[in-house]
Amino acid sequence: MKLSDYDYDLPDELIAQEPLADRNASRMLTVDRSSGALEHRRFSELPTFLRHGDVLVLNNTKVFPARLLGRSETGAQVEVFLVCEIKNDVWEALARPARRLPKGKRIVFSDDLSAEVIERRPDGSVIVRFEHTGSFADVLDRVGRTPLPPYIKRDEGRGPDDDRVRYQTVFAKHRGSIAAPTAGLHFTPDVIEAIKNNGVEVVEMTLHVGYGTFEPVRVDDLKEHRVSPEIYEIDTETADRLKAARSDGRRIIAVGTTTTRALETTITRDGKFTAGRFAADLTIVPGYKFKAVDALLTNFHLPKSSLLVLVSTFTGHELIMKAYEHAVADRYRFYSYGDCMFIA
C-alpha cells in the first residue's frame, strides 16, 4: 500500500473546533469487520456493544500545558512547544519561528520562566535549557497553554484554561503527554460505571503521547515508514488481567490507537503481556497481524497519517475508507474534539 491510498476529502467545517457540552453525546459509527455493516449510534450506547468478560483498556496519561508563548531578547514573539524532557530542565522542543532561534538565544516567558537555546537540530527542533523559580511543573501549569493540535483554532486572547478540562480524559492520572488520547475524551464516570456493571473489566495503562504519534509520514512506500518510540507502562494487575483474558479467549478492547500500539508492542515483544516500562517501537502497516487487540474505539484521523494507516490495517483498507466516506457524507465531527468509531 502507498500513503496516497489513505487520502480522503474532508470539508473544513467538519473539523470539530469545540467539544460538545456533554462528553458522551458524541456520535459513534460502528463498523463490523466480518459483515462490513456500518451503523449510526451514540457513544452513550457503547456499554451495549461490550460483552460480559471483555477487558476494556484505557490510557490514563495526563496532558500537561506544553505550549509556551514568550519573547526573544529583541522583542520578537516566540512559540515553544515542548516535546520531551532530555534531562532536568533540558527539553527537546519545536519552536516558531525556528530560524530566529540560533544557539545562545534567550527567550522570556514570564518573570519566573526563561530559556536558552543550546542546540538547533537538522530536523528543525531545538534543545532548550530552562531557568525558573520554584517547581518547573508548577510554573508550567501557570504559564503554559493546552497543546491543542494546529487544526483547532483559538484566539490568542482566549483564556489559557478554557481547554484544560475538556482536552483531558476523566481518568487522566500520570502527567506526561503533549496530546490527549482522544478516544478517551468521550468517557464519563457514569459510562465507565455502566460498562463495569455489564461485567466488563476496565483496566488502565500509561502511554505518554509524544510527537511521534503525529509526525507526518514522509514516504509514500509505507514499508519505509517508522513511528518514533513512545514510553508506556503496564502494571502487574493489568498485565495479569490481559493474560487471563487472552488465555480464556475473551475480547480485549483498546480505547485509542496509542493503547493499541502499546498492547501490540508488548505482545509482539515476548508473546505475552508483561508488566513494566517499555518503549512502544512498533510501526503498524498493512500486512501486520494483530495479536492483542480484538476491538477498537477510535476517533477519526487525518488523511495520510500513521494513525489512519493503523486503523485501516486493523479494519481492512476498503472497509475503513468506506466508513470514512460514510462519516463525511453524514457530517460526523472529525479529529480530536470530534465523534468516534467502534470497530469490532
Side-chain angles (χ1 to χ4, degrees), residues 61-168 172-181 206-216 218 227-232 258 277 279 336:
T61 188
K62 189 172 186 177
V63 179
F64 70 98
R67 182 171 172 251
L68 294 166
L69 301 179
R71 292 193 178 274
S72 68
E73 298 149 309
T74 59
Q77 190 168 23
V78 177
E79 178 180 336
V80 173
F81 190 100
L82 302 180
V83 173
C84 67
E85 187 174 26
I86 297 173
K87 60 182 180 180
N88 193 36
D89 291 337
V90 177
W91 286 73
E92 177 186 353
L94 304 176
R96 291 191 305 178
R99 66 183 183 279
R100 296 185 183 176
L101 297 175
K103 182 177 178 179
K105 194 79 166 183
R106 294 192 63 80
I107 310 162
V108 176
F109 304 102
S110 68
D111 291 342
D112 53 359
L113 182 65
S114 62
E116 179 185 357
V117 178
I118 60 176
E119 182 184 344
R120 281 187 61 182
R121 291 182 168 177
D123 63 3
S125 64
V126 295
I127 307 300
V128 294
R129 180 189 293 116
F130 285 96
E131 296 178 5
H132 54 89
T133 303
S135 161
F136 184 60
D138 289 344
V139 174
L140 268 188
D141 284 342
R142 183 172 52 79
V143 176
R145 290 173 175 253
T146 302
L148 295 173
Y151 49 75
I152 295 179
K153 309 301 180 184
R154 289 288 182 265
D155 183 344
E156 290 303 337
R158 181 169 170 162
D161 295 327
D162 290 350
D163 290 284
R164 286 201 180 185
V165 173
R166 289 306 305 274
Y167 195 63
Q168 197 83 267
K173 292 178 182 175
H174 303 295
R175 180 184 178 112
S177 278
I178 64 171
T206 306
L207 183 144
H208 294 315
V209 183
Y211 181 62
T213 291
F214 307 100
E215 190 173 8
R218 296 185 172 90
V227 178
S228 300
E230 293 171 312
I231 299 301
Y232 70 95
T258 57
R277 182 178 174 86
S336 295

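Model, not experiment: these values are computed from the prediction. Quick note: numbers below take in every heavy atom, side chains included, and nothing from hydrogens, waters or symmetry partners.
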Practice problem: Kindly determine whether S336 and Y151 satisfy side-chain hydrogen bond (donor to acceptor under 3.5 Å, both in side chains), including the steps that lead there. | Solution: CA-CA 9 Å; S336 295; Y151 49 75; 2.6 Å; yes
Quiz item: Does a side-chain heavy-atom distance below 4.5 Å link P65 with T146?
Solution: no
Quiz prompt | Rounded distance [0.5 Å steps], CG in L113 versus CZ in R142 | solution = 8.0 Å
Quiz prompt | Side chains of F109 and V78 in contact at under 4.5 Å (non-hydrogen atoms) | solution = no
Self-check item: Whether R164 side chain and D141 backbone form a donor-acceptor pair below 3.5 Å
Solution: yes
Quiz item: Looking only at heavy atoms, what is the nearest atom pair of I118 and K103, with distance?
Solution: O-CE, 3.4 Å
Practice problem: Verify the distance criterion only: is there a donor paired with an acceptor across the side chains of D138 and H132 at less than 3.5 Å? | Solution: no
Quiz item: Quick one: does E92's side chain have a donor or acceptor within less than 3.5 Å of a partner on V83's backbone?
Solution: no
Quiz item: Would a 4.5 Å heavy-atom cut-off, applied to side chains only, mark F64 and L82 as touching?
Solution: yes
Practice problem: Count the heavy atoms of every other residue, nucleotide or ligand shown that sit under 6.0 Å from CZ of R106, and state whether that count exceeds 12. | Solution: yes
Quiz item: Looking only at heavy atoms, what is the nearest atom pair of A66 and P147, with distance?
Solution: N-CD, 3.9 Å
Exercise. Using a 4.5 Å cut-off on heavy atoms from C-beta on, say whether the side chain of L140 contacts that of L68.
Key: yes
Self-check item: Test item: L101 and I107 side chains (from C-beta on) under 4.5 Å apart, heavy atoms
Solution: yes
Quiz prompt | R96 and E79 ion-paired at < 4.0 Å | solution = yes
Quiz item: Are side-chain heavy atoms of V108 and R71 found at a separation under 4.5 Å?
Solution: no
Quiz item: What's the shortest heavy-atom distance between T258 and P181, and which atoms?
Solution: OG1-CB, 4.1 Å
Exercise. Output the distance between atom NE2 (H208) and atom NZ (K62), rounded to the nearest 0.5 Å.
Key: 11.5 Å
Quiz item: NZ/K153 to CG/L148 distance, rounded to the nearest 0.5 angstrom?
Solution: 11.0 Å
Quiz item: Of all heavy-atom pairs between Y167 and P149, which one has the smallest distance, and what is that distance?
Solution: OH-CD, 3.6 Å
Practice problem: Mind listing the closest non-hydrogen atom pair of Q168 and T61 along with its distance? | Solution: OE1-O, 4.4 Å
Quiz item: How far apart are the closest heavy atoms of W91 and C84, and which atoms are they?
Solution: CE3-C, 3.3 Å
Practice problem: Compare all side-chain heavy atoms of V126 with those of K105 and state whether any distance is below 4.5 angstrom. | Solution: no
